Amino acid sequence: MSSSRPRVTLDGNEAAAYVAHQINEVIAIYPITPSSPMGEWADQWSAEQKRNIWGTIPTVIEMQSEGGAAGALHGALQAGSLSTTFTAAQGLLLMIPNMYKIAGELSPTVFHIAARSLAIHALSIFGDHSDVMAARSTGFAMLASNSIQEVMDFALIAQAASLESRVPFLHFFDGFRTSHEVAKVEQLTLEDLRAMIDDELVRRHRARALSPDRPVIRGTAQNPDVYFQAREACNPFYLATPTIVQNVMDKFAKVVGRQYHLFDYVGAPDAERVIVLMGSGAEVAHETVEVLATGGEKVGVLKVRLYRPFSIQDFIGTMPATTKSIAVLDRTKEPGATGEPLYCDVVTALAELGISKKVVGGRYGLSSKEFTPAMVKAVLDELKKTSPKNHFTIGIRDDVTHTSLDYDPEFSTEVPGTVRALFYGLGADGTVGANKNSIKIIGEETDNYAQGYFVYDSKKSGAITTSHLRFGPRPLHSSYLITKANFVACHQFSFLERIDMLKAAEPGATFLLNSSYGPDEIWDHLPRTVQRQILEKNLKFYLIDGYAVAKKTGMGARINTIMQTCFFAISGVLPREEAIAAIKHTIEKTYGKRGESVVQKNFAAVDAALSHLHQVPVKGKLTSAFDIRPPVPAAAPEFVQKVTARIIAGEGDDLPVSAMPVDGTFPSATAQWERRNIALEIPVWDEELCIQCGKCVLVCPHSVIRAKVYDEEFLAGAPPTFKAVPARWKDMKDRKYTLQVAPEDCTGCTLCVEFCPVKSKSEVKHRAINMAPQPPLREPEAANWEFFKKIPETERAVLSLSQVKDVQLLQPLFEFSGACSGCGETPYVKLMTQLFGDRALIANATGCSSIYGGNLPTTPFCTNAEGRGPTWSNSLFEDNAEFGLGLRLAVDAQTDYARTLVARLSSVLGDELAEALLTADQRTEAGILAQRERVALLKEKLEGLRTAEASDLLSVADMLLKKSVWIVGGDGWAYDIGYGGLDHVLSTGRNVNLLVLDTEVYSNTGGQASKSTPRAAVAKFAAGGKPTGKKDLAMMAMSYGTVYVAHIAMGGSDMQTVKAFLEAEAYDGPSLLIAYSHCIAHGYDLEHGMDQQKAAVNSGYWPLFRYNPSLAAEHKNPFLLDSRAPSVALKDYTYNETRYTMLAKGSPDQAKKLLALAEEDVASRWKLYDYWAHMPVNGGEKK
Amino acid sequence: MIDLAKTIDLSTTYLGLKLKNPLVASASPLCEDLGNIRRMEDAGAAAVVLQSLFEEQLEIESDDLDRFLIESSERSAESVTHFPEMTGWVRGPDEYVEHVRACKKAVKIPVIASLNGTTKGGWLGYARRIEQAGADALELNIYSIPVDPDVTGEQVEQRYVEIVQAIKAEVQIPVAVKLGPYFSSMANMGRKLDAAGAQALVLFNRFYQPDYDLESLEVVPNLILSIPHELLLRLHWIAVLYGQVKADLALTGGIHTATDVVKAMMAGAKVAMMTSALLKRGINYLDTLATELLIWMGEHEYDSIKQMQGSMSRNAVPQPAAFERVNYMKVLSSYSVR
């Protein structure tokens, strides 16, 4: 590397954005994992007034969807600006229509893609090439980067080539593996960018723009006579592109010093076996092939860089003439095709040139499945065979169609002399951030090459993060996870019980443990597996009580910089003093904006860390009687034992194809087997004080608090600590009441305690439910929980569903989700399942609710004793309302058919039964119960008849029972990308219920602003506070006059919330519930979530109301304002939340301005709603 | 009509500053606003004490911000962060320092800055920056509620002394110390602070005790503005301390009328500070007070404030015991007679 260019450590996303931001004028985006950070970088830099190479600040705009972003981008290009976007997966698919247009109009642009799996049998956020391959016929050129350095380089090369060729480019790199990998690279300078971008070409682009000063027409409609010819007119441009790209690469080599080609070969010059691929896998193959070739094997890897237009000549020219057999690896799957895309291209290339070589194709790495040197070797070894397997898979075990190749997982090409470190942290403890800083330090303060890659959990609380860090004196091509570590750090002692932490430790490695046990007692507290591995692998064992240091230095529970200091001291990568100085420097850079005291406290922690670090002499005896906990209990059903448990234990990679459902169908009710034990404290019921109001049950986000009223006889055999008291219901006072907590599933959010209205008269801090340490309670309460589950549910027919007190007795069919501790969305979802779950079909938009609702290994939706429960599916993001409508249309069609058949078979079934089935009143639980009995009777009768009609009716008989269709999602879906569909569904008048879990921001993808984000709140793409007000979705829906609309907030009024759910279901038409959901993205202790909801309501910010069209039919005002006039200042609500205070602290003048406008928003909207609530209605005055 | 203002001298000195009258606006949120400061000068205030810069404010707000930014990070692969980079920097004292600077530019009367804290923390370093911004003096509000039974009275007092010493080591401008009344030996405390270098003692801080909301069974903050009755406690101690300590004495709390000001002066105060009166009746009330003060002095034939200062202090009255148990017994017996 040239020494005049700065060396920086950054990830693929930042590298791409760094170049794109400087050579574009208009950037239109929509967030989607794993590309979102590119847009966020661009937005941040423009906010910081960073300019492009022409001296202007690029405009960055977040659109309502990727379709919108592509449209805006197309418009910007057509009007003469240089424009770009960043996307992945479904986002790229939504851009396809515009991509055809952009290519058809020969507009230069580069789309940067963090290539990701498409949603097929399942959604996946992880990386493969299925998205870019789906776009390969758009006419875009396609350039693949394999490493972070290449991402930076190719971002520039692509733009330069596009400007010259007029062909638009897709610049792609592997999602997560490259987009999120941090590495040390050489940063391109302003001069490099200026040298590569030809301003004359930019001027020509501008000259082609749509302009009234030299008007032209594009986007004409053409007829059969000329369309074909016009389509062929672009041929010369595509023919010229490969040469142009190579010329640009050559120019780049002159300017920067790195030489690339359309295809590049690494390996033995006389290779006989060659592997062809593109993306990060090529780096892995590079490392493998170098080692094997050095050992004498005649192998090589051909890296494809320019995939479209595919230059056959250059491809063949790069392949060694000695090549006998070729394996082409595709990171996508095209069922039904003769082969995957790259394989087909290679076969065609050879065929067209009449070259005969053995060619086989294989699939690898779908959805970031690991692709390792061992797998490369297996493929190369396969090529030795006379008939190597074609259409193989590598990296999995296919025991169904037997496509998989075997490989030896122990084969390693890790570069000797590299430090390979693994750090296990708890989500949100700052470990990943500290490790990113460590990579920066090592990369920038030493001559080492450095790489960091971070793996997260799919749960949002109690989650484990794993940081994979490599650094050493030689270049790193190791784009795969570390499985042989020489340093392992465990930042949370409790992890030792959950995972086999030292599995990846090499013999002689170092193990650093954070624990409050001292060096003299720690050994006996280690699980047996840990002791064994320390002994067998002769590990060096270090111990620190990070929590004590943190507490002492005022850091609370934050140990990340403490552990970071220990790592540097132990690894010795920098002299101690230098390391500490470097760590302090990154602390200032990372946390400085938050205030001096934060920086000083971190400094104190760093200074105090090393004096608390001890090396523990290893004694040499296996003393522990306990070990790592089994992932699921023995009582779990077969699928859970065989599949779910393996995934939970981190052994999912070992599951064969046969273990997987063929069509993406999974059983529900699996979360109950997980028992994560992540709460340090759980609630304890004070049965004497309790008034049995049911509020704690209502508010619990994870359904771990339940209540039952039952007959005393069911207490027989109760465990010794099981509590039961007389039920406080007028008509059930002879029965017993129990409130039970599931001790192993609680997350310790304490919302139940905060929401409990009862305070002890002798000690006000003591409520009817209080937190206590979990460990001593775990076993007795687990036994109580098991017993409690066996007690029958209270009969639904005797309950009054509109009372919160009765609602607590309804079984939730949604439990133990992976949502954040204290989540504001899940109580609403749970309530819906309590009221309607046994007959609910749920269409769920992509977002937090689809992740906690359906991210493997488990799902929280479950069934009642009769085996009924919600059926659920996440289709896509933008189509959720329509998908739900589809469910309703199908249900109605089948109900129609069932009714028709009943009428037709009336005489056979008995007229009385048929009549009752067709006229059943299913508006109440009792009514539904009665119809269930009738349908059961019907089925019995039908089974006796053996006619085709009877079989048909049997197959749709369940449709005679009322079904409840719920369309659920967050504000990202409802206000933005799915709004068009939502609006249309509302207009149809069909009987569907839409539940919008409004967190006022894109929570799942990391806090981007939506149209629901309120004025003055900070979010990504609104870093200076959202300048515009919140969209009033309720008002828009009410304008139809035929939609039931409710604005609800459980913490503002739990009764109104329940009422709204019931009214929505009862309304025979579309119902829209907009539910205030507090969220981690609001930035405060979520145990106060319900208090904030109350404050939101009392400040007038979130008025509670219902619009019920049924009332209009009765000549009443359909609009009911349920909350009172504002009684609390807006800032007394907002300034409890970081999303508002970070602006007030960092940019107080801006905050003041926006607050004033926000106050006006509240006042004017209240006036309007108040007016509506008192509006005279046809036929009478409403007072 | 005689122009009393020409014949009666309202001036006084405080912290080495020459003030045109003894009326000072004491530290309150009113003083956050530059417009209010100007209005106070226009209405006749001789000096202002700016709103307090709280020790906790600097740390807690910053720490909370940091805590929630970190707690919302690294949650999942899709949400490695939930917030964008902050657009600005948490400036904490910077804003306050700017405010001092701006006030000094806007008014001619002395501007006294106020620091409120209880530990010898980093916040003390801000004293120098406040001095550099031009503050004429510094008022230290050491508002500490010792609830730990292991902490002795002497330790509490020692901490006060150490804080004052630490501040004195940081700045050259005069330092006043605002105190609460609950010391076992007020006079001894006064002497100790004298020795530590305090140039004025401001008596007394008002302790805000929370109240109970019996319906919600919650402890709720309770802000009651001062009532005239509170004046007596302050008069008492100023009268006792006058002449016993070298530091100037300032009276704060309970000043609502011109006669209150007179009483303060007679007890031995150099200045009378007020907030509640201004909150209740507006900043222009200062002008009314000054006028009424002149009228009273004219009617009672006093030439100057300086003349009356300390005239009814403990050493200046015929029966000093009135300030001790005698008063207590008289009060009780007068009550029992009824």
Side-chain angles (χ1 to χ4, degrees), chain A residues 33-34 36-37 40 43-44 47 125 176 180 425 427-433 454-458 460 463 465 554 556 558 591-598 600-601 759 764 820 851 1003-1007 1018-1024 1080-1081 1083-1084 1138-1139 1141-1143 1145-1148 1150, chain B residues 32-33 53-99 102 117 119 121-126 129 210 212-221:
Chain A
T33 306
S36 318
E40 289 162 18
D43 189 56
Q44 183 184 317
I125 59 172
F176 280 105
H180 283 64
D429 74 352
T431 293
V432 169
F454 309 95
V455 178
Y456 302 84
D457 209 325
S458 54
K460 293 179 192 261
T465 62
R558 205 128 54 84
Y591 306 126
K593 276 190 175 160
R594 302 172 192 180
E596 189 56 26
S597 113
V598 172
Q600 291 303 325
K601 286 196 170 126
K759 293 178 183 168
V764 299
C820 292
I851 297 301
S1003 302
N1004 190 48
T1005 47
V1018 170
K1020 291 176 182 169
F1021 304 100
I1080 198 79
Y1084 61 94
T1138 299
R1139 61 178 169 152
T1141 58
M1142 63 191 281
L1143 191 69
K1145 298 267 149 291
S1147 310
Q1150 175 69 353
Chain B
E32 280 175 26
D33 181 71
L53 182 62
F54 285 82
E55 170 184 15
E56 289 89 338
Q57 186 182 337
L58 305 175
E59 297 193 0
I60 288 180
E61 286 176 348
S62 194
D63 289 353
D64 268 1
L65 181 63
D66 177 61
R67 181 183 147 209
F68 293 121
L69 288 176
I70 295 251
E71 271 183 23
S72 62
S73 70
E74 297 172 24
R75 286 262 163 174
S76 79
E78 296 204 73
S79 48
V80 180
T81 58
H82 271 104
F83 290 98
E85 267 294 309
M86 288 178 64
T87 51
W89 288 64
V90 170
R91 300 161 82 222
D94 286 15
E95 243 185 280
Y96 190 85
V97 168
E98 280 316 303
H99 185 52
T119 73
W123 66 291
L124 295 180
Y126 302 134
R129 294 177 58 195
Y212 291 161
D213 178 337
L214 292 180
E215 295 312 315
S216 66
L217 290 178
E218 273 175 16
V219 177
V220 293

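Within every chain, numbering begins at 1; the chains are lettered A, B, ... in the order of the sequence lines, protein sequences first and strands thereafter. Keep in mind it's a predicted model, so treat the numbers as computed, not measured.
Contact annotation for A:I1080: both backbone and side-chain heavy atoms come within less than 4.5 Å of a heavy atom of chain B. There is no contact between A:A47 and chain B, counting heavy-atom distances below 4.5 Å. Only the side chain of A:P1148 comes within contact range of chain B, judged by heavy atoms closer than 4.5 Å. Looking at A:V598, both its backbone and its side chain come within 4.5 Å of chain B, counting heavy atoms on both sides. Both the backbone and the side chain of A:R1139 come within less than 4.5 Å of a heavy atom in chain B. Heavy atoms of A:T465 lying under 4.5 Å from chain B belong exclusively to its side chain. Looking at A:F454, neither its backbone nor its side chain comes within 4.5 Å of chain B, counting heavy atoms on both sides.
Evaluation of the side-chain hydrogen bond (donor to acceptor under 3.5 Å, both in side chains) rule for A:K1020 yields A:E40, B:T81 as partners, not counting sequence neighbours. With sequence neighbours left out, B:S73 forms a side-chain contact (heavy atoms from CB on, under 4.5 Å) with B:I70.
Because its NZ or CZ atom is not both nearer than 6.0 Å to the ring centre of B:F83 and within 45° of the ring axis, A:R594 does not count as a cation-pi partner of that residue.
Annotation for A:A428 and B:E71: closest pair CB-O, 3.3 Å, computed over non-hydrogen atoms.
Put simply, of A:T1138, A:N1004, A:I125, the one with the most heavy-atom pairs under 4.5 Å next to chain B is A:N1004.
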